[in-house]
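In what follows, a single structure is set out as structure tokens and then discussed.
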Amino acid sequence: MVKQEQDVYILAVETSCDETSASVVKNGTEVLSNLIASQIETHRAFGGVVPEVASRKHVESITRMLEEAVQEAGIPPQSLSAIAVTEGPGLVGALLVGIMAAKSLAFALDKPLIGVHHIAGHIYANRLEAEMLYPSMALVVSGGHTELVLMEREGSFRLLGRTRDDAVGEAYDKVARALGFPYPGGPFVDKLAAEAEEVEELPRAWLEPDSYDFSLSGLKSAVLNAVNQHKMRGEDGYQPAIARGFQESVIEVLVEKAIRAVRATGARQLLLCGGVAANRGLRAALEERCEREGIALLIPSLKYCTDNAAMIGAAAYLKWKNGEFSSLELKAEPSLSLEGWSVNPS
């Protein structure tokens with residue numbers, strides 16, 4: 001374990017998908033800079049993220065982002081304690097851009113390199129704004145992940161449940177496309193659902209009675225069937241009711257399984273994490289239910305919900321404290337295990 005006698009400054013890099021981000025985080029909690037270059041407008045023309053295009057965009061902006069992040073933090077490069085980077089999961093080409101930049105900088109400055117699990121970053125985004133208590137339960141909802149993760153101690157991750165098919169964010173984008181909205185579709189569905197006066201009843205996928213897994217493919221098919229039925233009857237104005245029905249179905253299952261997992265494990269907190277944590281309907285439903293159940297709930301600010309490097313810096317600090325560094329042979333791991341990334345017990 002590294003003996004900490006002075007402040008720790010970690011320069012973090014995040015390029016797992018379609019945001020290029022660089023951040024300097026002090027002592028795992030204080031964000032000195034957090035720059036994000038989004039590619040949404042580029043990928044919107046294709047209706048989703050194109051991996052090769054994403055990689056090229058990262059190459060175009062990564063050097064400038066790193067320079068500006070250090071400048072905005074107001075510390076000289078040699079004062080950095082370590083360089084952290086997302087090593088997985090994510091798009092392999094996109095990950096490689098960030099990893100090569102981080103490795104080059106770590107070598108040039110002679111600083112430790114720390115590979116970080118993307119989902120660990122989303123979870124520890126909560127640590128940027130509040131204390132985390134253990135054991136803790138994380139509900140991870142993003143474009144590529146829907147998981148329930150138990151943390152029995154700091155930096156320890158045990159997967160209790162995951163999606164068996166589509167992730168929540170992925171399902172939102174597909175439903176939005178069926179309703180005629182552009183990519184990314186989640187915010188459009190969320191807004192439409194909040195404004196809807198009627199609701200179209202759609203199925204809930206509870207799976208086995210004791211399962212913490214999720215399934216969204218059946219719900220997605222039910223939405224497509226409902227849309228086709230309305231079109232065949234020549235009806236208009238059905239989109240708000242379907243959006244609300246879809247969102248209520250997703251939220252009910254997410255909330256119920258998360259609360260059940262908290263009760264079963266004795267977790268002291270429930271953490272909402274990932275890009276879909278920005279969904280207003282989900283945030284409101286969890287806040288109401290947790291208040292009623294007497295469960296402590298942490299939800300990051302909107303700026304820390306989507307992919308960003310500050311969350312990677314927060315998670316990297318766990319490895320820094322334990323002296324767990326990566327070699328310069330670090331590779332992109334698109335299917336990196338969260339449980340395997342856990343910090344070793346002290």
Side-chain angles (χ1 to χ4, degrees), residues 1-5 7-14 16 23-31 81-90 99 102 106 111-140 142 145 147-162 258 261-262 265-274 277 296-300 304-305 307-327 330 333 335-346:
M1 179 179 293
V2 173
K3 184 179 180 180
Q4 184 176 333
E5 297 179 347
D7 290 329
V8 175
Y9 298 96
I10 296 178
L11 172 60
V13 183
E14 156 60 26
S16 64
S23 173
V24 176
V25 179
K26 177 182 176 181
N27 298 332
T29 60
E30 185 179 346
V31 180
S81 307
I83 312 298
V85 63
T86 304
E87 63 173 306
I99 288 173
K111 301 294 181 180
L113 178 69
I114 303 174
V116 177
H117 194 287
H118 182 72
I119 298 304
H122 274 305
I123 292 172
Y124 275 86
N126 285 280
R127 186 65 185 87
L128 295 172
E129 299 178 305
E131 287 289 335
M132 290 171 58
L133 306 175
Y134 302 94
S136 190
M137 181 66 59
L139 172 60
V140 181
S142 68
H145 299 266
E147 299 166 347
L148 278 169
V149 181
L150 174 64
M151 291 172 291
E152 295 172 314
R153 58 176 175 79
E154 185 179 71
S156 168
F157 307 94
R158 181 156 66 91
L159 196 63
L160 296 187
R162 64 174 60 176
V262 169
T265 59
R268 299 173 64 189
Q269 282 180 328
L270 175 60
L271 316 176
L272 182 58
C273 326
L297 174 67
L298 289 185
I299 305 178
Y304 295 132
C305 289
D307 292 350
N308 67 91
M311 69 184 196
I312 301 303
Y317 185 68
L318 306 176
K319 293 281 188 176
W320 166 270
K321 289 195 299 182
N322 220 37
E324 297 181 35
F325 304 132
S326 305
S327 76
L330 181 72
E333 298 288 352
S335 301
L336 184 65
S337 164
L338 178 59
E339 292 178 333
W341 189 84
S342 294
V343 176
N344 294 323
S346 300

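By convention here, the first residue in the shown sequence is residue 1.
When the salt bridge (charged side-chain N to carboxylate O under 4.0 Å, His left out) test is applied to R268, no partner is found at least two apart in sequence or on another chain.
The main-chain N or O of M132 is never found under 3.5 Å from a side-chain atom of E154 such that the two would form a donor-acceptor pair. For the pair N344 (side chain) and N322 (backbone), a donor-acceptor distance under 3.5 Å is absent. Side chain of E339 to backbone of L159: a donor-acceptor contact under 3.5 angstrom is found. Between the side chain of E147 and the backbone N or O of V140 there is no donor-acceptor pair closer than 3.5 Å. For the pair S326 (side chain) and G115 (backbone), a donor-acceptor distance under 3.5 Å is present.
Relative ring orientation between Y124 and F157 is described as perpendicular, the plane-to-plane angle rising above 60° on a 0-90° scale split at 30° and 60°.
Note that CD1 of I10 and CD1 of I114 are 4.5 Å apart. Values are rounded to the nearest 0.5 Å. K111 contributes atom NZ, which lies 11.5 Å from atom CZ of F325 (distance to the nearest 0.5 angstrom).
Contact of the H117 side chain with the P89 side chain is registered, since non-hydrogen atoms from C-beta on lie closer than 4.5 Å. The side-chain heavy atoms of Y317 and R127, taken from C-beta on, include no pair separated by under 4.5 Å. Residues M137 and L148 are in side-chain contact: their nearest non-hydrogen atoms beyond the backbone lie under 4.5 Å apart. Between D307 and S16 there is a side-chain heavy-atom pair separated by less than 4.5 Å.
I299 approaches L297 most closely through the heavy-atom pair CD1-CD2, 3.7 Å. Pairing each heavy atom of L272 with each of A277, the nearest pair is CG-CB, 3.6 Å. When every heavy atom of E152 is checked against every heavy atom of Y134, the shortest pair comes out as O-CB, 3.8 Å. Between V8 and S81 the shortest heavy-atom distance is CA-OG, 3.4 Å. The minimum heavy-atom distance between V25 and S23, with the atom names listed, is CG2-OG, 3.6 Å. Considering every non-hydrogen atom in both A84 and V116, the closest pair reads CB-CG2, 4.2 Å.
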Evaluate the criterion side-chain contact (heavy atoms from CB on, under 4.5 Å) for residue pair I312 and V13; output intermediate values, then yes/no.
-> CA-CA 7 Å; I312 301 303; V13 183; over 6 Å; no

Candidate pair R158 and L160, rule side-chain contact (heavy atoms from CB on, under 4.5 Å), full reasoning | CA-CA 6 Å; R158 181 156 66 91; L160 296 187; 3.7 Å; yes

Mind running side-chain contact (heavy atoms from CB on, under 4.5 Å) on M311 and H118 for me, showing each step along the way?
-> CA-CA 9 Å; M311 69 184 196; H118 182 72; 3.5 Å; yes

Output, in order, the C-alpha distance, side-chain angles, deciding distance and verdict of side-chain contact (heavy atoms from CB on, under 4.5 Å) for H145 and H122.
-> CA-CA 11 Å; H145 299 266; H122 274 305; over 6 Å; no

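The only option from L150, L271, L298 that meets the side chain to side chain contact (heavy atoms under 4.5 Å, CB included) definition with S136 turns out to be L271.
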